[in-house]
Structure formats: C-alpha cells, structure tokens
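Values reported hereafter were calculated over all heavy atoms of this structure, with side chains retained and with hydrogens, waters and symmetry mates removed. Fair warning: this is a prediction, and the values are worked out from it, not measured in the lab. Naming: A, B, ... by sequence-line order, numbering from 1 per chain.
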Protein chains: 2
Amino acid sequence: MIKRGAEPFNNFIAIPGDLVAEDEDLEPAASSVLKSLTGLENIFMEQLYTFGKVDRHPQGRIITVAYYTLVNIEEVTPTPASFAADIQWLSFDDIPQLAFDHNEILAKAIERLKWRAHTKPIGLELLPVKFTLSQLRKLYEGILEKTLDKRNFRRKIIKMDILIALDEKQKNVAHKAARFYKFDVEKYHNLSKEGYIFSM
Amino acid sequence: MIKRGAEPFNNFIAIPGDLVAEDEDLEPAASSVLKSLTGLENIFMEQLYTFGKVDRHPQGRIITVAYYTLVNIEEVTPTPASFAADIQWLSFDDIPQLAFDHNEILAKAIERLKWRAHTKPIGLELLPVKFTLSQLRKLYEGILEKTLDKRNFRRKIIKMDILIALDEKQKNVAHKAARFYKFDVEKYHNLSKEGYIFSM
DNA sequence: ATTCTTATTGTTATTTTTACACTTACAACA
DNA sequence: TGTTGTAAGTGTAAAAATAACAATAAGAAT
C-alpha cells in the first residue's frame with residue numbers, strides 16, 4: 001500500500017496505481033507500477049475488475065482498471081521509488097479506511113483470490129522454488145481462512161500430480177525434517193486453465 | 001450482433017456498444033445499449049473484461065469495458081433502433097470475422113459463460129418462468145457443449161434444492177407430459193454467490 | 001537419555017459420481 | 001380402438017472422492 005502525499009485523501013493509505021499513457025497497454029501499465037515499487041518483473045498478474053463510478057474521484061472522472069498479482073514477499077527488494085513513495089506491506093487484518101473506493105477494490109481482490117484458491121492450484125507465484133507440503137498447506141489455509149486436514153490435503157495435492165518431490169530435506173530444524181517439493185510448472189499451468197475445478 | 005454502417009470495418013458484424021458519457025456509470029451505460037436494442041430492462045448483467053490494447057481501434061485509443069448478459073430470446077421485442085441498426089441474433093457456430101478485436105471479446109464471454117455454468121447454477125435468466133427438467137438440461141448441454149445423463153442430471157439438480165416442482169404438466173405433447181418447475185429465486189441467488197461450487 | 005516439535009503415514013465410514021435400461025403417458029395414425 | 005412413435009420418468013450397483021480420525025518417526029535442544 002502507498003501513503004498519499006497530496007489532496008484529495010492526503011495521508012490516506014491507497015492501493016498503488018498510475019495513469020495509463022495514451023500509447024500504453026493496460027497490463028504493461030500495471031506491471032510498471034509493480035516494478036517501480038518492488039523491482040519485480042514477469043510476475044503472475046491478472047485483471048481484476050474495472051471500477052468506473054462517476055463520483056469515485058472527487059476531482060474528475062477516473063476509471064480504474066484494477067490488476068492483482070501474487071508476489072513472494074521475500075523476493076521483493078524495495079526500490080528508491082518505494083521509499084520515496086512511503087510504501088508499506090499490510091496484513092489484510094490491518095487495512096484501515098483507504099482513499100477513494102480502494103476498500104471496495106481490495107474486497108474484490110480478496111474475493112477473487114479466495115475463489116481462485118478454491119478452484120485452481122495456487123502457490124507457484126507465492127512460494128520459494130523449493131517448499132514443504134506444510135508451507136503449501138499453510139498458504140491455502142491463510143487464503144481460505146480455514147484449517148485443512150494434514151493428511152487429506154497431502155493426498156489431494158499429490159493426486160493432482162503438479163508436484164515433484166525432491167531428494168532434499170530441511171536442515172537444522174528442531175523436529176523431523178520435511179521433504180522439499182517443487183511445482184511441475186507445465187502441469188501446474190495446465191490445471192490453471194479454464195475447465196478444471198480444484199475444489200479445496 | 002450489429003452490422004456496422006461506417007468505416008472502419010464498414011459492413012462488418014460487431015458486438016453492440018457505445019461510448020460512455022462523462023457523467024455516466026459503466027453498468028448503466030451497458031444496460032442502456034441492451035435496452036435500446038431489445039427493450040429489456042433489469043436483466044442479469046455482469047462485467048466481463050476490459051480490453052485496452054493501444055491499437056485495437058485504428059482511429060484512436062478506445063478502451064472497452066465489456067459486459068455480458070443472459071437473455072431469454074423469447075422476451076426480446078426488437079425496437080425501432082434495432083431495426084435501424086441492423087441487429088441480428090447469431091448462433092455461436094455462425095460467428096464470422098468480426099470488427100476490431102470483437103472475436104476476442106466474444107471468446108472471453110463464452111469462456112466465462114462455460115465456467116459460470118460449470119460452477120454456478122444457471123437458467124433463471126434464460127428459461128421461461130415455468131420449465132421442464134429437460135429444458136434445463138438442454139440449456140446446460142448447449143452451454144457446456146456436452147451431453148449430460150438424464151437421471152444423473154435430475155438427481156444433481158434436485159439435490160441443489162433450488163427448484164420448486166409445480167402441480168402442472170405439459171399439454172398437447174405427443175408423449176408423456178413433463179412436469180413444470182420454477183426456480184426458488186432466493187435459494188438460486190444464494191448459490192450464485194461466491195464460495196459455492198456447483199460442478200456440473 | 002529425555003523432551004519438544006513437526007513430519008509422515010493408513011483405515012474406515014460416508015458421500016458423490018458414474019454408467020446403464022426399462023416402463024409410462026400421451027398423441028397420432030391406421 | 002389398438003398400434004406406433006416419442007419423450008418423461010425412475011433405480012441400482014460399482015467406483016471414486018471425501019471426511020474424520022491418531023500413532024509413530026526424526027531431529028534438535030536440554
């Protein structure tokens with residue numbers, strides 16, 4: 001999130017964004033906002049929804065085409081622009097009243113993310129290359145806001161056949177070391193296409 | 001579909017649309033296109049996707065916020081505007097090359113409709129108030145482009161508990177008369193909300 | 001050697017899905 | 001009036017998916 005430094009909604013928190021240039025496609029415009037603040041490129045990004053109420057910006061007609069992205073926060077390297085712009089990462093539970101209709105945009109994004117996690121595989125964009133099944137399960141639990149049975153989750157995700165088990169385990173953990181897995185990227189993307197229901 | 005009467009793409013078929021006025025919200029703008037051509041109001045309508053490629057319109061930058069709707073064609077009363085505008089209803093199989101990127105828009109709509117039929121109940125907007133289970137099944141078969149087993153479909157749809165059986169049957173049909181059903185509108189809409197998977 | 005913590009594994013009961021065929025009701029026709 | 005054609009309506013069994021549930025294993029810390 002970004003803290004605004006000008007009216008209207010001065011000092012309010014807002015979702016980062018920018019105007020789209022006359023000769024700029026929509027998705028590159030969104031990508032460039034992401035890159036300028038996080039340094040990230042070639043990240044999963046999907047159009048969310050277009051918000052166009054006449055009065056959503058007090059100073060004129062602004063139509064916002066919102067995109068959402070899934071980023072692994074550990075890969076983010078804050079850029080000079082992000083320091084200058086007063087960027088912060090907020091937990092969903094700590095979201096205050098935002099500028100403009102941005103709470104509505106965020107609500108739509110959360111709804112979409114839940115639906116996505118409910119019906120499609122998720123995690124490729126959010127986890128390190130190597131991860132344990134517990135990490136993957138906790139990701140789902142976080143997004144879906146419910147706990148999942150360890151054994152049933154394991155069985156279900158393995159049967160999807162999108163994981164490759166590695167010959168490598170955790171080290172220096174004060175408990176039994178967990179095996180690492182990685183995604184079979186091609187199979188992962190196949191299941192992400194339309195027509196397949198995950199049902200987690 | 002509408003036949004264009006001006007350059008560019010003169011005489012090409014296109015998806016109906018209009019410019020959004022400076023003081024007009026997006027959804028009313030879409031509704032008003034629908035109403036002017038079909039007379040229909042208060043119809044299910046959902047934002048589909050926003051198309052914004054720089055070069056999608058040869059004469060300038062046009063960003064299209066596409067909406068799709070489900071209409072019962074028997075309720076449509078062609079308006080004077082629709083005659084003037086050379087409106088026609090086309091089967092999906094008869095779609096020619098369209099103006100601009102409209103084939104792409106249509107493909108997105110079909111994809112969305114299939115996903116919707118696959119995961120949510122459908123039919124309230126498309127069928128007469130009273131309908132038979134065969135009609136409902138054939139609607140699903142048409143959208144999903146596959147045949148569904150009569151008995152299994154019946155069992156599944158009944159268990160969803162969104163139908164109300166009427167004490168009325170078909171008349172003057174040269175076979176056993178089918179019972180009419182109607183939707184339990186409230187339950188239907190509950191299941192249409194996020195978080196529920198239909199899986200047909 | 002004991003303790004603490006998380007990983008890993010299997011079974012059973014229940015529910016859901018799939019595949020599949022015969023009888024019934026009605027109109028049309030001979 | 002009975003024969004034919006057509007779509008409606010119905011049941012069952014096998015297979016698959018889901019849900020609920022607890023004990024053992026591995027490694028670090030003490």
Inset, instruction - Specify the separation, in whole Å, of atom CG of B/Asp149 and atom C1' of D/dA15. - result: 16 Å

Legend entry - Side-chain ion pair, A/Asp101 and A/Arg56, N-O less than 4.0 Å: yes

Inset, instruction - To the nearest Å, give me how far apart NE2 (A/His175) and P (C/dT8) are. - result: 10 Å

Inset, instruction - Output the single nucleotide from C/dA19, D/dA8, D/dA28 whose closest atom is nearest the side chain of A/Asn172. - result: D/dA28

Legend entry - Whole-Å distance separating the CD atom of A/Glu141 from the P atom of C/dT6: 13 Å

Inset, instruction - Assign B/Ser134 to base, sugar-phosphate, or nothing according to its heavy-atom contacts below 4.0 angstrom with the strands shown. - result: sugar-phosphate

Legend entry - Residue among A/Gln47, A/Lys108, A/Glu46 satisfying side chain to side chain donor-acceptor pair (under 3.5 Å) with A/Tyr68: A/Glu46

Inset, instruction - In whole angstrom, give the distance that lies between atom NZ of B/Lys171 and atom P of D/dA8. - result: 18 Å

Inset, instruction - Using atom CD1 of B/Ile158 as one end and atom P of C/dT16 as the other, report the distance to the nearest whole Å. - result: 15 Å

Legend entry - Nearest to side-chain heavy atoms of B/Arg154, which nucleotide of C/dT17, D/dG9, D/dA25: D/dG9

Inset, instruction - Round to a whole Å and report the spacing from CE of A/Met160 to P of D/dA16. - result: 19 Å

Inset, instruction - Return the value, rounded to whole Å, for the distance between atom CZ of A/Phe153 and atom C1' of D/dC21. - result: 19 Å

Inset, instruction - Decide, yes or no, whether a salt bridge links B/Arg61 with A/Glu22 under the criterion of side-chain N to carboxylate O below 4.0 Å. - result: no

Inset, instruction - Ignoring the backbone of B/Lys156, work out which of D/dC21, C/dT17, D/dG11 is nearest its side chain. - result: C/dT17

Legend entry - B/Leu139 to B/Leu127 - nearest heavy-atom pair and separation: CD2-CG, 4.1 Å

Inset, instruction - Using whole Å, report how far CE of A/Met200 lies from C1' of D/dT18. - result: 12 Å

Legend entry - Minimum-distance nucleotide to A/Ala174 side chain [options: D/dA8, D/dA29, C/dT8]: D/dA29

Legend entry - Per A/Asn152 side chain, nearest of listed nucleotides D/dA17, D/dA19, C/dA7: D/dA19

Inset, instruction - Using the six-membered ring of A/Phe180, assess whether NZ or CZ of A/Lys130 lies under 6.0 Å from its centre and within 45 degrees of the ring axis. - result: yes

Inset, instruction - Between B/Ala177 and B/Arg151, name the one whose nearest nucleotide on DNA chain C is closer to the 5' end. - result: B/Arg151

Legend entry - Of the listed nucleotides C/dT18, D/dA8, C/dT16, the one nearest the side chain of B/Lys150: D/dA8

Legend entry - Comparing A/Phe198 and B/Gln135 on DNA chain D - which has the more 5′ nearest nucleotide: B/Gln135

Inset, instruction - Could you work out which one of D/dT12, D/dA7, C/dA7 sits closest to the side chain of B/Arg155? - result: D/dT12

